[in-house]
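Accompanying notes for the structure given below.
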Amino acid sequence: MENRIKNKLPAMSKGQKKISNYILTSFDKAAFMTAAELGKNVGVSESTVVRYAAVLGYKGYPEFQKDVEKMVQRKLDTIHRFEINDTDMSGKDLLDSVMKSDIDKIRLSLEMIDIEIFDEAVDSILKADTIYLVGIRNCAPLASFLGFYFNLMFDKVNIITTNSSSEIFEQMIRISEKDVIIGISFPRYSMRTLKAMEFANNRNAKVITITDSKNSPMNLYSSCNLFARSELTTVIDSLTAPMSVINALIVALSMKRKEKVINTLDTLEQIWNDYQVYGSDEINIFDDTADMTEGLADE
């Protein structure tokens with residue numbers, strides 16, 4: 001893409017050159033923007049952005065955007081992440097920057113999510129015989145968090161834990177059209193998660209994805225896609241927005257399964273009390289029954 005832009009640059013209009021400059025310097029941000037958003041950031045019209053994609057030889061803006069995303073995945077290795085975030089910020093400035101960035105990601109994710117798709121995901125999960133959850137590498141904590149709360153609401157929840165593709169298929173061998181699988185993956189996308197989605201789709205299971213955009217390869221096997229912004233920040237991927245989407249999913253389902261959740265929590269509370277699950281972890285620094293004045297008279 002870079003060579004394509006540089007070759008066309010001399011013949012471009014002023015507005016198109018502004019777009020080119022933005023793409024070349026801020027491709028990690030441009031990859032997640034609609035044509036209207038990109039135009040607004042650059043200071044040109046949406047139609048100018050669409051024509052720009054055509055000038056570069058793309059059939060339309062979606063094809064152009066997909067190429068930008070590929071450039072992000074190719075170029076943003078660990079060293080480059082440090083380079084684009086090489087600042088002298090520290091203390092409160094750094095804290096403000098990171099947290100405000102996460103707030104922006106949540107706001108943008110809210111704009112991306114189709115509420116009808118969200119409701120469809122909730123209904124599909126409620127109807128499923130068994131729920132499978134797949135999150136590999138940095139997405140594993142998200143799948144684990146989702147699984148913890150799903151186990152309070154549903155009888156059959158399988159969190160796929162694996163180090164190889166073969167293990168995935170062994171744990172999903174009984175998946176069928178009566179089941180649901182939720183796959184969680186963000187750039188760089190996990191091939192093992194993709195294979196799990198493909199396998200579930202071939203078995204006619206309902207496939208739900210939690211991923212970053214409509215151009216994610218995760219969408220190849222799913223008709224129910226929940227989008228959340230996940231952008232690269234130095235050596236980490238910010239998963240704040242995906243976690244917020246997962247929180248919303250848990251709350252929506254718990255409202256539908258309120259009686260089940262209450263009964264489960266009541267049972268757990270009794271078990272925790274009977275077996276002193278939390279009591280042994282609590283340290284009472286001051287014993288209220290002790291005489292704190294004992295021995296002071298002799299000093």
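In this text, all values refer to a predicted model and were calculated from it rather than measured experimentally.
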If we only count heavy atoms from C-beta on, is the T48 to R51 side-chain gap below 4.5 Å?
yes
Does Q16 reach the main-chain N or O of M12 with its side chain, forming a donor-acceptor pair under 3.5 Å?
no
Using the rule side chain to side chain contact (heavy atoms under 4.5 Å, CB included), only one of V134, I160, I136 pairs with R192; which is it?
I136
Answer with yes or no after comparing the ring centroid distance for F64 and Y61 against a 6.0 Å cut-off, counting only values under it.
yes
Could you walk me through whether Y52 and L38 satisfy the side chain to side chain contact (heavy atoms under 4.5 Å, CB included) test, starting with their C-alpha distance in whole Å, then the side-chain angles of each, then the deciding distance to 0.1 Å, before giving a yes or no?
CA-CA 11 Å; Y52 174 80; L38 179 55; over 6 Å; no
Please check if the side chain of N263 supplies one atom and the backbone of K260 the other of a donor-acceptor pair under 3.5 Å.
no
Shortest non-hydrogen contact from P242 to S238?
CD-O, 4.4 Å
Do you reckon I117 sits in the same ILVMFWY cluster as I184, going by side-chain contacts under 4.5 Å, direct or chained?
yes
Linked, directly or transitively: I113 and I182 (ILVMFWY side chains, under 4.5 Å)
yes
Value rounded to 0.5 Å, distance of OH in Y189 from CG in L194
9.0 Å
Over 12 foreign heavy atoms within 6.0 Å of CD, E259:
no
L133 versus F150: any side-chain heavy-atom pair under 4.5 Å?
yes
Main chain of I250, side chain of S254: is a donor-acceptor contact present, judged purely on distance under 3.5 Å?
yes
Distance in Å, M197 CE paired with I208 CD1, rounded so as to fall on 0.5 Å steps
10.0 Å
Pairwise side-chain contact, R107 with I103, heavy-atom cut-off 4.5 Å (strictly under):
no
Identify the heavy atoms of V68 and A30 that sit nearest to each other, and give their distance.
CG1-C, 4.3 Å
Taking atom CG of D96 and atom OG of S101, what is their separation to the nearest 0.5 Å?
12.0 Å
Please check if the number of heavy atoms outside R174 that lie under 6.0 Å from its CZ is greater than 12.
no
Tightest non-hydrogen contact, residues A200 and I181, listed as CB-CG2, 3.5 Å
Nearest 0.5 Å, please: how far is CD1 in I175 from CG in D129?
11.5 Å
Within 6.0 angstrom of R137 CZ, more than 12 heavy atoms from elsewhere
no
When you measure from the side chain of S222 to the backbone N and O of V207, does any donor-acceptor pair fall under 3.5 Å?
yes
Determine whether a donor-acceptor pair (N or O, by modelled atom type, separation under 3.5 Å) exists between the side chain of S244 and the backbone of A241.
no
Rounded to the nearest 0.5 Å, what separates atom CZ in F118 from atom CZ in F227?
14.5 Å
Answer yes if the side chains of T211 and S216 hold a donor-acceptor pair under 3.5 Å, and no otherwise.
yes
Heavy-atom pair with the smallest gap, counting every atom of M33 and N41
CE-ND2, 3.5 Å
For the pair S109 (side chain) and R229 (backbone), establish whether a donor and an acceptor sit closer than 3.5 Å, ignoring hydrogens and angles.
yes
Checking N225 side chain against T209 main chain: does a donor-acceptor pair fall under 3.5 Å?
no
Matching residue for T240 among V98, D102, D104 - test: side chain to side chain contact (heavy atoms under 4.5 Å, CB included):
D102
Can any side-chain N or O of R257 pair as donor or acceptor with the backbone N or O of M153 at less than 3.5 Å?
yes
Examine F186 and M112 and state if one hydrophobic cluster contains both, with Ile, Leu, Val, Met, Phe, Trp and Tyr joined whenever side-chain heavy atoms are less than 4.5 Å apart.
no
Heavy-atom pair of closest approach, residues R4 and Y58:
NH1-CZ, 3.2 Å
Is it the case that the side chain of T264 and the backbone of L152 share a donor-acceptor pair, with hydrogens and angles ignored and the cut-off at 3.5 Å?
yes
Going by heavy atoms in the side chains, are S190 and K195 under 4.5 Å from each other?
no
As an exercise, state the distance from CD of E63 to CG of L56, rounded to the nearest 0.5 Å.
11.0 Å
Greater than 12 external heavy atoms within 6.0 Å of F145's CZ:
yes
Start with the C-alpha gap between K178 and T130, add the side-chain angles, then the distance that decides, and say whether side chain to side chain contact (heavy atoms under 4.5 Å, CB included) holds.
CA-CA 7 Å; K178 297 180 180 179; T130 303; over 6 Å; no
Indicate yes or no for a side-chain donor-acceptor contact from S230 to the backbone of L239 under 3.5 Å, with no hydrogens or angles considered.
no
Which pair of heavy atoms, one from T193 and one from S185, lies closest together, and at what distance?
CG2-CB, 4.2 Å
Measure the shortest side-chain to side-chain distance between M243 and I106 over non-hydrogen atoms and say whether it is less than 4.5 angstrom.
no
Using side chain to side chain contact (heavy atoms under 4.5 Å, CB included), reason through E170 and E167 one step at a time and then give a plain yes or no.
CA-CA 5 Å; E170 290 163 9; E167 290 179 358; 4.3 Å; yes
I would like to know whether Y149 and V251 meet side chain to side chain contact (heavy atoms under 4.5 Å, CB included); could you show each step before the answer?
CA-CA 10 Å; Y149 285 98; V251 172; over 6 Å; no
Report yes or no: do I131 and V122 belong to one cluster of Ile/Leu/Val/Met/Phe/Trp/Tyr joined by side chain heavy-atom distances under 4.5 Å?
yes
Is there a chain of hydrophobic side chains (I, L, V, M, F, W, Y, each step under 4.5 Å between heavy atoms) that links L220 to M172?
yes
